[in-house]
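The block underneath contains the structure these notes are about, expressed in structure tokens.
No experiment lies behind these values; they were computed from the predicted model shown. Below, chain A is the first sequence line, B the second, and so on; all start at residue 1.
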There are 2 protein chains.
Amino acid sequence: MPKPADVEQREARILDAAATLFVHYGFDKTSVADIAREAGISKGAIYLHFESKEALFEALLLREMQSYAAEWLARVEADPAGGTLGGMYRNVLHALNASPLMAALFKQDRRLLGAYLRNPQAALRSRTHGSMRHELIDLLQQAGAVRQELDPVIVAHIMNMLAYGLVAMDEIMDPADIPPTEALIEGIADLMDRALTPPDGGDSAAGKAVLQQIYSQARQQLADAVQKGQNHD
Amino acid sequence: MPKPADVEQREARILDAAATLFVHYGFDKTSVADIAREAGISKGAIYLHFESKEALFEALLLREMQSYAAEWLARVEADPAGGTLGGMYRNVLHALNASPLMAALFKQDRRLLGAYLRNPQAALRSRTHGSMRHELIDLLQQAGAVRQELDPVIVAHIMNMLAYGLVAMDEIMDPADIPPTEALIEGIADLMDRALTPPDGGDSAAGKAVLQQIYSQARQQLADAVQKGQNHD
DNA sequence: TTATGACCAAAAATATATTTACGGTCATAT
DNA sequence: ATATGACCGTAAATATATTTTTGGTCATAA
């Protein structure tokens, strides 16, 4: 049966509270009691909605993935050049940069993810979340949005390197020496377009179609995962 | 007075032994006694050549920087396209990839650098070693080896991001999923050339001249640093 | 002179005991 | 039916004592 609106609302409140605290203090240093307090309910109530602290965290991650993907697609749709490689990547990077949780997942942030990373059963611990897969580049290539002569595996990996650099570079250098994110993302997107887009400018419409396809696939998988995660009452 | 050849030779032996052990076990888990044994001399003899374990490590790092820089220049000289951005960067990446110590310094590897990193007085702890500086891009731009319309600060940073990705990506993903280094470096250099080199192909000779200039500057600074590090007997 | 390795103080690692904090439950209240 | 928070066992953090390792020295040997 579908979930009543007020329950949904309360779960959202809990997840909001959890998001704030987890991002700020990390998984280990955020207690369930803390989350309850932040959400303005009792500790017991949390367990009426989530099986465990870990399940709560995973529900949060799934929600974040959904909004990450949705945000990405929305940006791509709104951007005339959203179907070109540069346009697509610009929007991925913006979405990634705007989501501390996705960024943490992508860079396997030990501080934020804490014990969740150490748990071998953690479903979302896998290292591929938020990353560019070469199958996508392949499709974009077939759609004429990426130069034919390039190796999709290499291209995808380079894009992942840049995404990693965007979120992790502050670990090896003084943040004051890092250019403003906005300008950096523009620079990267510009680089991508110059180097990877076909000379004719690429077929942005076809590129968007591919992205939509990928998006609905991903959305389905996420929905299934959410469904599966809810078998507990 | 200049150092006798046999002393120089022995110091090289010590540094060789130290390099092997430090790279393998890291700074913390390599003892001075270990180094002495590996070098085939007594522990006391080490202290005839180096003030402390840390001074030894720094001497090793300086030697490595010198050979790193020399290797880089040699590669650039040998490469007809060595003066273009792509050519230059290809050779930097090869040099970086070939030197575990430089890579560790660049990525601030806590395992390898260990306590050396924690010491606030460590001269070479600074985060800029091995990295691309925007002044260099500036010069290359003036020499006509890089497109005029690009922002040197952004370009330099993107290059650093890619170098970081090259040496650090294995921390967030399964090494089996990382493309072969050789192919990856080629892909990156190719990307650089496509995106950053002027349409006319760039002035490789002028680029090389700039690199030589930078090299001799750096060499001088390193020599001074080595000199300064030797005021102890 | 130059090199050695036993030696030392100090730090790091290990072991043990003790306290605190936390995830999760459930009798009770609303 | 839903929500609460006192409660419980355990795991993590802290404190303490004990052992081992290590960077560095120096009297002695070559």
State whether B/Asp16 and B/Arg63 are salt-bridged, where the test is any N-O pair (Lys NZ or Arg NE/NH1/NH2 against Asp/Glu carboxylate O) under 4.0 Å.
->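 The answer is yes: the pair qualifies as a salt bridge.
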Carboxylate-amine/guanidinium proximity below 4.0 Å for A/Arg37 and A/Asp34 |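 The answer is yes: the pair qualifies as a salt bridge.
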Are side-chain heavy atoms of A/Leu105 and A/Glu64 found at a separation under 4.5 Å?
->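 Side-chain contact under 4.5 Å: no.
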Quick check against the 3.5 Å criterion: does [X] have a side-chain atom that pairs as donor or acceptor with the backbone of [Y]?
X: B/Glu38; Y: B/Leu21; answer: no
X: A/Asn119; Y: A/Ala115; answer: no
X: B/Ser216; Y: B/Gln213; answer: yes

Distance in angstrom units between [X] [atom1] and [N] [atom2], rounded:
X: A/Asp28; N: C/dG23; atom1: CG; atom2: C1'; value: 13 Å
X: A/Ile46; N: C/dC22; atom1: CD1; atom2: C1'; value: 14 Å
X: A/His49; N: C/dG23; atom1: NE2; atom2: C1'; value: 18 Å
X: A/Phe27; N: C/dC22; atom1: CZ; atom2: C1'; value: 12 Å
X: A/Tyr25; N: C/dA21; atom1: OH; atom2: C1'; value: 17 Å
X: A/Ile14; N: D/dT4; atom1: CD1; atom2: C1'; value: 14 Å
X: B/Leu56; N: D/dG24; atom1: CG; atom2: C1'; value: 13 Å
X: B/Lys29; N: D/dG23; atom1: NZ; atom2: P; value: 13 Å

For B/Val23 and B/Leu112, work out which heavy atoms get closest and say how close.
->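 Reported closest heavy-atom pair: CA-CD1, 4.0 Å.
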Considering non-hydrogen atoms only, spot the tightest contact between A/Arg125 and A/Gln108 and give its length.
->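 Closest pair (atom of A/Arg125, atom of A/Gln108, distance): O-NE2, 3.4 Å.
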So does B/Arg10 get a side-chain nitrogen or oxygen closer than 4.0 Å to the phosphate oxygens (OP1/OP2) of C/dA3?
->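 So the side-chain polar atoms of B/Arg10 do come within 4.0 Å of the phosphate oxygens OP1 or OP2 of C/dA3, strictly under.
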For the residue pair B/Phe106 and B/Tyr164, categorise the inter-ring angle as parallel (less than 30°), tilted (30 to 60°) or perpendicular (more than 60°).
->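 If you compare the ring of B/Phe106 with that of B/Tyr164, the planes turn out perpendicular.
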Looking at residues 110-122 of chain A, who's got a heavy atom less than 4.0 Å off DNA chain D?
->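 Nucleic-acid contacts, sorted: none.
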Is the OH atom of A/Tyr215 crowded by more than 12 outside heavy atoms at less than 6.0 Å?
->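 Count over threshold, so yes.
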B/Arg111 atom CZ, neighbour heavy-atom count above 12 within 6.0 Å |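 Above 12, so yes.
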Among residues 30-43 of chain A, which contact DNA chain C at a heavy-atom distance under 4.0 Å?
->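 A/Thr30, A/Ser31, A/Val32, A/Lys43, in order of number.
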Would you indicate which nucleotide in C/dG24, D/dT4, D/dT25 comes nearest to any side-chain atom of A/Leu48?
->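 Nearest nucleotide to the side chain: D/dT4.
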Overall bend - the helix from C/dT1-D/dA30 to C/dT30-D/dA1, comparing terminal axes fitted on five pairs, nearest 10 degrees |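 The end-segment axes of the helix from C/dT1-D/dA30 to C/dT30-D/dA1 are tilted 30° relative to each other.
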